[in-house]
Asks: 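Could you have a look at this structure, given as structure tokens, before my questions?
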Protein chains: 2
Amino acid sequence: MAGLGEAVEKMVQTRRPLADQTAVHDRVYEAIRQALITGRIAPGKGVSLRSLAAELGVSPMPVRDAVRRLVAERALAINPANKRLSVPSLTADRLEQLSLARLWVEPELAARAAANADASLVRQLRAIDADVDEALRLGDVDRYMTANHAFHFAIYERAGADVLLSMAGGLWLQVGPFMRVVFGRVGADGLVADRHAEAIEALETRDPEGARRAVAADLSEGMDKMRVAVDAAS
Amino acid sequence: MAGLGEAVEKMVQTRRPLADQTAVHDRVYEAIRQALITGRIAPGKGVSLRSLAAELGVSPMPVRDAVRRLVAERALAINPANKRLSVPSLTADRLEQLSLARLWVEPELAARAAANADASLVRQLRAIDADVDEALRLGDVDRYMTANHAFHFAIYERAGADVLLSMAGGLWLQVGPFMRVVFGRVGADGLVADRHAEAIEALETRDPEGARRAVAADLSEGMDKMRVAVDAAS
DNA sequence: AGCCTTGCATTGTGATCGCAATTGAGCCCC
DNA sequence: GGGGCTCAATTGCGATCACAATGCAAGGCT
């Protein structure tokens, strides 16, 4: 949570005098979203609107908006009795459902993206993948998570399927907190097997089924690691 | 939109003196959600927060909350330039993606529900299905949509898979507006083939694959009808 | 007569205030 | 010394206010 405040504060205070365009609640949302995807917020931890707002230097209102959006996306949970919000806890059951859903949506997106792939996308993906590898080499968890997310969604966005894309986005948001668990248990070098190269190749040759297989394999391995981590934690 | 106001107003004004429990924004959300599911709000139509709030007799604030939630669920769209919100327009592309997603999630939920089914569920489903049939017989569109929704989600809730359930809920919300198009084109008697009996039977015998097939068939037929309606409209 | 411009009404956004409910800690009593 | 209780602080929710931007429309200019 410490890192969150600083990150958002920087984003929030980036206030252009005119033509700001991005609303405050959007910046807040994006910041919390990033914090969740990269797993910087521990599950089970309770947060309050006002404290968050104070930490961010804004009024509680835009925080409310951002939080409500995240709750709708199930990235945050709200206790019906308390009305106090927290990060959803990590259960094996939840992970199983999320795995299943991701294994359906994301390969589908990859397959569609393969049909629309071009050289510039491949170039972009290679660059991101290099960043992923370097993050892995350095053991930089945050950087790895950010880069990995960027890699996958650079592909998915190319599918031109906004409904499925938003589903994938929502799923990542929910899976995010689990990821930190993996690193906490098996360490950063647990994710060495790199299916990214496979995926890039499939996209380069415009092979939908290859892309589907590569992404499915990538996801499977990652989710399996999370599974054992969660099982070990229980 | 006219019907919406009355419906919500009634819900909103149901204010118990103490221990109200359900927040205003929740009631507003549920009302708009119902209006969308049953297709009472026409796509492409723009709505404003203040007018909605005035129509509902509440301050714009809870409406903002409800709307933001619906936007997160993609049940409402917001113009990035205008920042003015409207119901997402019906495109063949969107429908195709929604169909695909529904055909994956909902049969899966039905299959899981079959494993947990019991006599009370079957009894409940028969009652709802009777309501569905009567609504069809009377040509009562709103009632049919409400009952049909109730039927499906009575099943899905039994799956005990909240992640998948919320996905199904979100998808249904997005498909809702399309439904009215079907009735506008083919009329209420377009949906006579009733797979519900099949589904009930599969649940009664605790046959997951049977339930999966029945629901998949039900969905397929419905989505096909929407497809031709949308194609005809374009 | 047609187009542009100016003015007003309306929009979404954010801040501040008030309210009721819950929490948490300190205190008193047993 | 431990447990129950009370009171203050904090919480989320909703309303109202203020503001900048946008949309719309009437009026003036060419």
Side-chain angles (χ1 to χ4, degrees), chain A residues 1 5 8-9 11-32 41 44-72 75-88, chain B residues 1 5 8-9 11-32 41 44-72 75-88:
Chain A
M1 276 287 300
V8 188
E9 209 158 350
M11 299 181 65
V12 168
Q13 288 174 354
T14 314
R15 163 156 276 189
R16 291 71 138 202
L18 223 127
D20 190 311
Q21 301 310 4
T22 59
V24 177
H25 69 87
D26 272 324
R27 290 198 293 277
V28 174
Y29 168 81
E30 206 56 48
I32 304 182
I41 303 186
K45 191 84 173 275
V47 289
S48 90
L49 252 58
R50 274 176 163 94
S51 65
L52 218 56
E55 189 178 359
L56 272 52
V58 298
S59 98
M61 190 63 58
V63 181
R64 246 174 82 175
D65 289 348
V67 161
R68 211 170 279 288
R69 196 167 151 192
L70 289 162
V71 168
L76 286 178
I78 177 168
N79 188 329
N82 289 17
K83 284 152 184 271
R84 198 159 260 137
L85 54 88
S86 63
V87 182
Chain B
M1 274 286 300
V8 189
E9 209 158 347
M11 298 183 65
V12 168
Q13 288 174 353
T14 313
R15 162 155 277 191
R16 291 71 142 199
L18 223 128
D20 190 314
Q21 302 308 5
T22 59
V24 177
H25 70 87
D26 272 324
R27 291 198 294 276
V28 173
Y29 167 81
E30 206 56 47
I32 304 182
I41 303 186
K45 190 84 172 275
V47 288
S48 90
L49 253 57
R50 273 174 162 95
S51 65
L52 219 56
E55 189 178 1
L56 272 52
V58 299
S59 97
M61 190 61 59
V63 181
R64 246 174 82 175
D65 289 347
V67 160
R68 213 171 279 288
R69 197 166 150 195
L70 289 162
V71 168
L76 287 177
I78 177 168
N79 188 328
N82 289 18
K83 284 151 183 274
R84 199 161 257 136
L85 55 88
S86 61
V87 183

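Model, not experiment: these values are computed from the prediction. Below, chains carry the letters A, B, ... as their sequence lines are ordered, and counting in each starts from 1. These numbers come from the heavy atoms of this one structure, side chains and all, not from hydrogens, waters or symmetry mates.
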Asks: Mark yes or no for whether Arg27(B), through its side chain, and Thr22(B), through its backbone, hold a donor-acceptor pair below 3.5 Å.
Replies: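 Yes; at least one donor-acceptor contact below 3.5 Å.
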Asks: Would you say Asn82(B) places a side-chain N or O within less than 4.0 Å of OP1 or OP2 belonging to dG23(D)?
Replies: yes
Asks: Tell me: CG of Asn79(A) to C1' of dA21(C), nearest whole Å?
Replies: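 Those two atoms, CG and C1', are 14 Å apart.
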Asks: Taking for each residue the nucleotide of DNA chain C bearing the nearest heavy atom, is the 5' side occupied by Met61(B) or by Leu49(B)?
Replies: Leu49(B)
Asks: From C-beta outward on Arg50(A), which listed nucleotide comes closest to its side chain: dG12(D), dG14(C), dT23(C)?
Replies: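 For the Arg50(A) side chain, the nearest candidate turns out to be dG12(D).
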Asks: Rounded to whole Å, how long is the line connecting atom CZ of Arg27(A) with atom C1' of dG14(C)?
Replies: 12 Å
Asks: Find the distance Leu56(B):CG to dA15(D):P and express it as a whole number of Å.
Replies: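 In whole Å, dA15(D) P lies 11 Å from Leu56(B) CG.
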Asks: Which nucleotide in the set dG12(D), dG14(D), dG12(C) lies at the smallest distance from any side-chain heavy atom of Ser48(A)?
Replies: dG12(D)
Asks: Measure the CD1-CG distance between Ile32(A) and Leu76(A) for me, rounded to the nearest 0.5 Å.
Replies: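 With rounding to 0.5 Å, CD1 (Ile32(A)) is 7.0 Å from CG (Leu76(A)).
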Asks: As an exercise, state the distance from CZ of Arg84(A) to CG of Leu49(A), rounded to the nearest 0.5 Å.
Replies: 11.0 Å
Asks: Quick check: on DNA chain C, is the nucleotide nearest His25(A) upstream (toward 5') of the one nearest Arg84(A), or the reverse? Name the residue that is more 5'.
Replies: His25(A)
Asks: Of the listed nucleotides (dT11(D), dT16(D), dT13(C)), which one gets closest to any side-chain atom of Ser59(B)?
Replies: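 Comparing dT11(D), dT16(D), dT13(C) against the side chain of Ser59(B), the answer is dT16(D).
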Asks: Does a nitrogen or oxygen in the side chain of Arg68(A) sit under 4.0 Å from OP1 or OP2 of dG12(D)?
Replies: no
Asks: Spell out yes or no: do the side chain of Arg64(A) and the base of dG14(C) have one donor N/O and one acceptor N/O closer than 3.5 Å?
Replies: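 Answer is no: no donor-acceptor pair is held.
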Asks: Rounded at 0.5 Å granularity, tell me how far NE2 in His25(A) sits from CZ in Arg68(A).
Replies: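 Atom-to-atom, His25(A):NE2 and Arg68(A):CZ are 13.5 Å apart.
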Asks: Atom CG of Asp65(B) and atom P of dG12(D): how far apart are they, to the nearest Å?
Replies: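 Nearest whole value for this atom pair: 13 Å.
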Asks: Quick one, Val28(B) and Met61(B) - any side-chain contact, counting heavy atoms below 4.5 Å?
Replies: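 With C-beta onward as the side chain, the pair stays apart.
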Asks: Whole angstrom is fine here: how far is it from CD1 in Ile78(B) over to P in dT11(C)?
Replies: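 To the nearest whole Å, that distance equals 14 Å.
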Asks: Take atom CG of Leu52(A) and atom P of dT10(D), then tell me their distance rounded to the nearest Å.
Replies: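 Rounded to whole Å, this separation is 16 Å.
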Asks: What nucleotide, of dG12(D), dT11(D), dG14(D), holds the atom closest to the side chain of Pro62(B)?
Replies: dG14(D)
Asks: Starting the side chain at C-beta, find the nucleotide from dG14(D), dA15(C), dG14(C) nearest to Ala23(B).
Replies: dG14(D)
